[in-house]
> 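Got a structure here, written out as structure tokens. Questions coming.
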Number of protein chains: 2
Amino acid sequence: METQTTLSEDIDQFTPHRPADHNECTGMILPVRDALDILSGKWKLPIIIALSFGTKRFGQIAKEIPNITDKMLSKELRELEMNDLVKRTVHDSYPVVIDYSMTPYGQSLEKVINELRLWGTQHRKRILSKE
Amino acid sequence: METQTTLSEDIDQFTPHRPADHNECTGMILPVRDALDILSGKWKLPIIIALSFGTKRFGQIAKEIPNITDKMLSKELRELEMNDLVKRTVHDSYPVVIDYSMTPYGQSLEKVINELRLWGTQHRKRILSKE
DNA sequence: CAGAATCCCTCAAGATACTG
DNA sequence: CAGTATCTTGAGGGATTCTG
């Protein structure tokens, strides 16, 4: 390295600009965002977790998730059903009984949720110990 | 269980109401939400992924993330720095050079992101094959 | 280059009330 | 019980301009 000529050269050696990064980046970002779209929002995770403990009815889910409104629960359940994560079953009885359960596909989220929980638990400890 | 008396009893046998569920639920939900709060939003993941490929400067991150504005990049970097996921370094040179890198703590997100990516990739295939 | 400041707007989500 | 139908708000995010 002789004398410093331009800034960019100097910097580039420190943070080389690899065009490959951009491709790898976008290749990772899209699926991660897909996954996050499914899980994000205020209520989807609570609902998924509640149903991971077993089949439940509308009112029962509502009871287990503090502060959720009927509207939100209804809307989120519909979206989860559309994504094939949750199954809505209408039992042919009188009166009609409706319940919700996780589909096998929904259960495939288990590992993801578990990693989130593990990291979140660590993070929580870290935050609380600092303040 | 003799004859069917009330609906709720019948249903309860099918979907027993275990108060324990509620406790286990909230115990899981809080950390998962903590983790999601860190990762959600439109730009945090792209930034984290970009930096996971190495130390980068502001302008370079901006180039690798399509459509992000300076304001958003600046704001998100600040939040990530506050959460100790990203380190901002001011190099004492002339002109001053600033770069961003992942902290060890930020790198601890790797497993979480990888699970999200794996699931998201599967999900993407599934969606595309259906429509 | 690396942001800060300002203005604006959309949309997720809450409150409330109603229904088969 | 299992939802719908409206109305309203607040925060996330965009566009643009300015600066050390």
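Note on naming: letters A, B, ... go to the chains in the order of the sequence lines (proteins, then strands), and numbering restarts at 1 for each one.
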> Can you measure B:Met72 atom CE to C:dC7 atom C1' for me and round it to whole angstrom units?
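Whole-Å distance recorded here is 13 Å.
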> Write out all pairs satisfying side-chain hydrogen bond (donor to acceptor under 3.5 Å, both in side chains) with one or both partners inside residues 115-125 of chain B, taking only residues at least two apart or from two chains.
A:Asp34-B:Arg124, A:Tyr105-B:His123, A:Ser108-B:Trp119, B:Asn114-B:Arg117
> Above 12 or not: heavy atoms from other molecules or residues under 6.0 Å from CD of B:Gln107?
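Counting neighbours around CD of B:Gln107, more than 12 heavy atoms of other residues, nucleotides or ligands fall under 6.0 Å, so yes.
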> The criterion is side chain to side chain donor-acceptor pair (under 3.5 Å); which residues satisfy it with B:Asp84, sequence neighbours excluded?
A:Arg126
> Let me test you: for the helix from C:dC1-D:dG20 to C:dG20-D:dC1, what is the angle between the axes at its two ends (five pairs each), rounded to 10 degrees?
50°
> Please give, in whole Å, the distance from C:dA2 P to B:His91 NE2?
11 Å
> Taking A:Ser101's backbone N and O only, do any of them form a donor-acceptor pair with A:Thr55's side chain (distance below 3.5 Å, no angle check)?
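No: the side chain of A:Thr55 does not pair with the backbone of A:Ser101.
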> Roughly how far apart are A:Ile47 CD1 and B:Ile29 CD1, rounded to 0.5 Å?
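It comes to 9.5 Å.
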> Please list residues of residues 40-49 of chain B whose heavy atoms come under 4.0 Å from any atom in DNA chain C, ordered by number; otherwise none.
none
> Taking atom CH2 of A:Trp43 and atom CD1 of A:Ile61, what is their separation to the nearest 0.5 Å?
13.0 Å
> Nearest-Å distance, CG (A:Leu36) to C1' (D:dG12)?
15 Å
> Output all residues satisfying side chain to side chain donor-acceptor pair (under 3.5 Å) with B:Ser74, sequence neighbours left out; order by chain, then residue number.
B:Arg78
> Nearest whole angstrom, please: distance from the P of C:dA4 to the CD of B:Glu76.
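Atom-to-atom, B:Glu76 to C:dA4, this comes out as 13 Å.
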> Provide a list of protein-nucleic acid N or O atom pairs under 3.5 angstrom, restricted to nucleotides 2-5 of chain D.
| unit_1 | atom_1 | unit_2 | atom_2 | d |
| --- | --- | --- | --- | --- |
| D:dA2 | OP1 | A:Arg57 | NE | 2.6 |
| D:dA2 | OP1 | A:Arg57 | NH2 | 2.6 |
| D:dA2 | OP1 | A:Ile98 | O | 3.4 |
| D:dA2 | OP2 | A:Gly59 | N | 3.2 |
| D:dG3 | OP1 | A:Arg88 | NE | 3.4 |
| D:dG3 | OP1 | A:Arg88 | NH2 | 2.5 |
| D:dG3 | OP1 | A:Tyr100 | OH | 3.4 |
| D:dG3 | OP2 | A:Tyr100 | OH | 2.3 |
| D:dG3 | N7 | A:Asp70 | OD2 | 3.1 |
| D:dT4 | OP2 | A:Ser74 | OG | 2.8 |
| D:dT4 | OP2 | A:Arg78 | NH2 | 3.2 |

> Mind calculating the distance between OH (A:Tyr94) and C1' (C:dG20) to the nearest angstrom?
11 Å
> Can you spot which of B:Ile48, B:Leu45, B:Ile49 makes a side chain to side chain contact (heavy atoms under 4.5 Å, CB included) with B:Leu109?
B:Ile48
> Please examine the side chains of A:Val112 and B:Leu118, heavy atoms only from C-beta on, and report whether any two atoms are closer than 4.5 Å.
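No, too far: nothing below the 4.5 Å cut-off.
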> Could you tell me if the side chain of A:His91 sits less than 4.5 Å from the side chain of A:Asp99, heavy atoms only?
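Side-chain contact under 4.5 Å: yes.
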> Apply side chain to side chain contact (heavy atoms under 4.5 Å, CB included) to A:Glu79 and list each qualifying residue two or more places apart in sequence or on a separate chain.
A:Lys44, A:Lys75, A:Glu76
> Could you tell me how far apart B:Ile68 (CD1) and C:dA2 (P) are, to the nearest whole angstrom?
14 Å
> May I have the distance from B:Lys56 (atom NZ) to C:dG3 (atom P), rounded to whole angstrom?
16 Å
